[in-house]
Amino acid sequence: MEQKIEALLSEMTLDEKIGQMCQVDPGVFGTEEEVIEAVRKGQLGSLLNLIGAGKVNEIQRIAVEESRLGIPLIIGRDVIHGYRTIFPIPLGMAASWNEDLIREAASIAAKEAASEGINWTFAPMIDVSRDPRWGRIAESGGEDPLLNAMIARAMVQGFQGDDLANPLTIAACAKHYIGYGAAEGGRDYNTTMIPDIELYNVYLPPYRAAVNAGVATVMTAFNEINGIPASGHQRNVRGILKKDLGFDGFVVSDWASIQEMIDHGFAADEKHAAQLGIAAGVDMEMSSRTYANHLKALVEEGKVKMEWIDDAVRRILRVKFRLGLFDNPYVDESLADSVLVNPRHLEVARKLAEESIVLLKNKNELLPLKKGTKVALIGPMADQPYEQLGTWIFDGNENDSKSVLDAFYEYNGANNTFFAEGLAYTRDKSTKGFRAVERAIAQADVVVAVVGEEAILSGEAKSLAELDFVGAQNQLLELAASKGKPLIMVVMSGRPGGLYKTRHLADAILYAWHPGTMAGPAIVNLIFGEAVPSAKLPVTFPKGEGQVPIYYAHKMSGRPADSTSWTYIDDIPVKAVQHSLGNTNHTLDYGFKPLYPFGYGLSYTTFEYSDISLSAKTIQIGDVIKVSATITNTGKREGTEIVQLYVRDLVGSYTRPVRELKDFKRITLKPGESERVTFELNSSQLGFYHPNGRYVIEPGDFHVWIAPNAADGLMGKFRLE
């Protein structure tokens with residue numbers, strides 16, 4: 001393949017090389033005739049948002065048969081969490097902690113997209129995010145590097161399969177490189193300030209995992225990092241990504257992010273922006289035309305090295321060869337009929353939705369309900385087949401989507417389901433629908449309120465300053481709670497929020513994120529016990545915006561707060577104990593605990609952790625220590641527990657977090673059953689990156705936990721020498 005690349009490269013003119021480095025949306029670029037002519041002249045290497053096997057084959061035929069060198073196009077599309085069959089938003093997928101199921105979901109999305117001519121998706125998004133105000137937290141794997149790395153590995157493997165040349169796989173794109181999730185104030189596209197020790201230890205690990213999984217492409221971010229825009233950051237792209245990590249695919253800019261370096265104040269004009277982009281190592285420009293308009297002149301003026309151009313084109317051609325486009329550029333136009341509507345795809349969507357929904361509260365074991373229970377189903381998200389799909393949905397079919405109301409009617413019967421949405425949509429402030437809600441509740445034994453936010457309130461450019469429920473949803477919940485009947489709150493949202501002022505109203509809470517096409521059946525199966533909750537939070541829940549950023553892997557500080565400083569009722573600080581409060585790291589109103597910690601999630605059964613043991617008290621660098629504990633199902637139902645392994649390095653040459661997730665395992669136990677869970681912790685996992693990018697393993701004392709979440713668990717101690 002490399003010989004073929006070099007042979008083709010040697011035949012290309014500079015204009016044709018630059019053409020390979022340009023990607024456009026045909027609808028934005030110009031008329032159909034202009035697009036065809038540009039393809040015929042070899043002036044485009046990729047198109048995005050061209051849908052339909054017939055249309056793709058038509059433009060591909062022009063590229064292959066009418067351009068001078070016959071180089072096929074790569075066709076891109078945002079297939080973020082499903083194509084026709086929509087799975088939970090990525091933050092919801094992360095809540096499943098189920099790598100196999102996420103991989104299968106990505107594989108299904110690839111099959112569906114490929115059947116309509118798409119061979120490249122701009123996913124997975126693996127931006128570590130610790131600010132729920134940021135709308136694109138919905139697309140991320142949450143706050144933890146290891147969990148994001150799992151998402152990266154699973155989705156890359158799912159999209160790309162074992163062989164990219166397989167016509168039912170597509171190229172993945174790890175994005176947004178790098179630090180996009182650290183936007184100041186949670187405002188999209190905003191400045192990021194990321195010390196190198198954070199860059200290497202928090203934000204880079206998911207990209208390392210994606211590269212190790214063989215990701216075909218990487219996308220640069222919109223943000224600047226410490227004063228340099230990501231699409232012009234030579235050290236980060238050409239240095240760390242390509243040289244240090246050994247990434248051999250190609251790098252694409254985000255939409256017009258090279259041109260936007262002008263607005264950043266980093267580039268003087270489009271020509272300067274093109275120079276900075278290619279110097280940084282961005283191989284293909286998306287949407288904007290600085291490369292097309294200026295690279296040739298920059299080469300001729302000696303401001304851009306020809307070796308940079310050749311390297312970029314090699315990388316682009318390499319991905320096209322790996323996709324098998326030179327041997328098989330056309331799509332089988334009969335595929336879509338058999339691939340797009342597939343019962344197996346819906347089954348996986350339902351299963352992943354069930355495993356993504358977190359049970360946060362279940363007072364007096366209200367859930368699960370018995371079939372036939374008379375239920376008042378209320379709330380603005382109860383019958384929203386489109387909104388439940390979540391952000392970044394271009395191709396999901398609303399007609400395939402099954403709402404909570406549909407599923408209640410199907411499972412529990414229309415005679416046992418009394419529906420009154422109360423609010424027409426989540427931002428609705430009118431209470432005129434509350435009378436109908438009262439009538440529905442009067443006929444029921446239990447109330448199920450489906451609240452949250454529409455899909456349009458999360459995702460790109462959908463940042464929020466406040467995390468409370470919008471509209472009159474709080475009043476709706478207060479009304480429902482005032483009727484004296486058990487209240488189950490189901491939240492569909494793209495971010496953690498809305499619960500600090502409302503969770504006391506509910507007897508049970510299911511946090512459903514945006515669960516996708518099969519949201520309704522998944523939620524109903526959980527409510528009625530056909531499925532048992534197993535999901536765990538991929539992100540810490542703050543009590544309010546004033547706690548943001550809040551995440552489990554924080555530093556200790558010189559004056560750490562502890563739980564003896566406060567009197568808590570239901571985890572809400574109500575009284576400071578004066579003699580022990582002192583000057584510690586807390587806030588007077590919220591204390592220091594989150595609303596719910598990372599990794600938290602309940603089941604319909606209970607699990608007891610006992611008898612932690614370590615294989616050694618002291619290990620040497622290069623050794624492996626085994627950490628074990630017994631997990632027992634102490635309840636009355638079979639359930640799945642996600643057992644988590646955390647470590648703390650007590651003393652380091654740079655201060656280390658109070659806990660770091662190092663591994664996790666899923667176990668399923670019958671009532672009364674126990675399992676001895678053993679983790680093998682290699683000493684290589686105990687190190688960290690210094691600001692110079694050098695990985696260092698330092699001797700010293702460590703704490704280790706086997707835990708159900710980041711705030712609890714059994715602790716052991718060992719020493720590394």
Side-chain angles (χ1 to χ4, degrees), residues 12-79 113 116-122 170-171 173 175 217 219-220 222 231 250-263 267 269-271 273-274 277-278 282-298 309 312-313 316-317 319-320 323 325 329-331 392 394-395 460:
M12 298 176 73
T13 66
L14 178 56
D15 286 329
E16 288 168 331
K17 291 176 181 179
I18 294 170
Q20 287 299 303
M21 300 168 66
C22 299
Q23 180 194 57
V24 299
D25 184 325
V28 176
F29 177 75
T31 65
E32 183 177 348
E33 291 75 17
E34 288 171 329
V35 174
I36 289 172
E37 187 61 20
V39 171
R40 186 178 286 122
K41 290 181 178 180
Q43 294 174 345
L44 296 174
S46 174
L47 299 177
L48 72 161
N49 298 331
L50 186 67
I51 302 299
K55 291 181 179 179
V56 169
N57 283 343
E58 182 180 344
I59 197 72
Q60 198 73 282
R61 184 193 61 77
I62 293 167
V64 171
E65 300 179 21
E66 297 185 20
S67 71
R68 188 178 77 88
L69 295 176
I71 300 174
L73 298 163
I74 184 170
I75 307 298
R77 180 76 164 170
D78 284 291
V79 183
E116 294 217 300
I118 297 158
N119 48 37
W120 183 22
T121 179
F122 306 116
I170 60 179
C173 183
K175 68 181 189 184
T217 67
M219 180 187 291
T220 53
F222 286 118
S231 293
F250 73 81
V251 176
V252 63
S253 74
D254 207 337
W255 184 284
S257 66
I258 291 179
Q259 180 176 297
E260 288 174 8
M261 288 194 285
I262 301 169
D263 290 322
D269 51 31
E270 286 193 4
K271 188 174 183 180
I278 188 60
V282 179
D283 305 306
M284 181 181 287
E285 181 177 16
M286 180 190 290
S287 182
S288 53
R289 303 286 288 158
T290 72
Y291 280 11
N293 296 336
H294 301 290
L295 277 186
K296 185 175 183 178
L298 287 165
I309 302 288
V313 177
I316 293 165
L317 294 177
V319 170
K320 291 185 176 185
L323 281 165
L325 292 176
Y330 303 116
V331 184
W392 276 112
F394 292 146
D395 305 295
E460 185 173 352

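Quick note: residue numbers are just sequence positions, from 1. Note that the structure is a prediction, hence the values are computed from the model and not measured. What you see below is based on every heavy atom in this structure, not just the backbone, and it leaves out hydrogens, waters and symmetry mates.
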Asker: N49: which residues meet the side-chain hydrogen bond (donor to acceptor under 3.5 Å, both in side chains) condition with it, sequence neighbours left out?
Answerer: D25, R77

Asker: Among all residues two or more places apart in sequence or in another chain, which pass the side-chain contact (heavy atoms from CB on, under 4.5 Å) test with E16?
Answerer: M12, T13, R68, L69

Asker: Tell me every residue that passes ring pair (Phe, Tyr, Trp, His ring centres under 6.0 Å) with Y330, counting only those two or more places apart in sequence or in another chain.
Answerer: none

Asker: My understanding is that only residues two or more places apart in sequence, or in another chain, count here; which of them pass side-chain contact (heavy atoms from CB on, under 4.5 Å) with E260?
Answerer: F222, A256

Asker: Could you work out, with side-chain contact (heavy atoms from CB on, under 4.5 Å) as the rule, every residue matching R289, not counting sequence neighbours?
Answerer: C22, V24, F29, L44, A292, N293

Asker: Has the side chain of S46 got a donor or acceptor atom that lies under 3.5 Å from a matching backbone atom of I74?
Answerer: yes

Asker: Applying salt bridge (Lys or Arg N to Asp or Glu O under 4.0 Å), name anything that partners D15, two or more places apart in sequence or on another chain.
Answerer: K296

Asker: For Q20, give me all partners under side-chain hydrogen bond (donor to acceptor under 3.5 Å, both in side chains), at least two apart in sequence or on another chain.
Answerer: K320

Asker: For R40, enumerate each residue passing the side-chain hydrogen bond (donor to acceptor under 3.5 Å, both in side chains) test, keeping only those at least two apart in sequence or located in another chain.
Answerer: E37, E66

Asker: Restricting to side-chain contact (heavy atoms from CB on, under 4.5 Å), what partner residues turn up for E58, sequence neighbours left out?
Answerer: E32

Asker: Go through the structure and list residues passing salt bridge (Lys or Arg N to Asp or Glu O under 4.0 Å) with D254, not counting sequence neighbours.
Answerer: none

Asker: In chain order, what residues pass the side-chain hydrogen bond (donor to acceptor under 3.5 Å, both in side chains) check against K175, with sequence neighbours excluded?
Answerer: none

Asker: Can you find a heavy atom in the side chain of F122 that is under 4.5 Å from one in the side chain of L48?
Answerer: yes

Asker: Mind checking whether D283 and M21 have side chains closer than 4.5 Å, heavy atoms only?
Answerer: no

Asker: Considering residues at least two apart in sequence or located in another chain, which fulfil the ring pair (Phe, Tyr, Trp, His ring centres under 6.0 Å) criterion with F250?
Answerer: W120

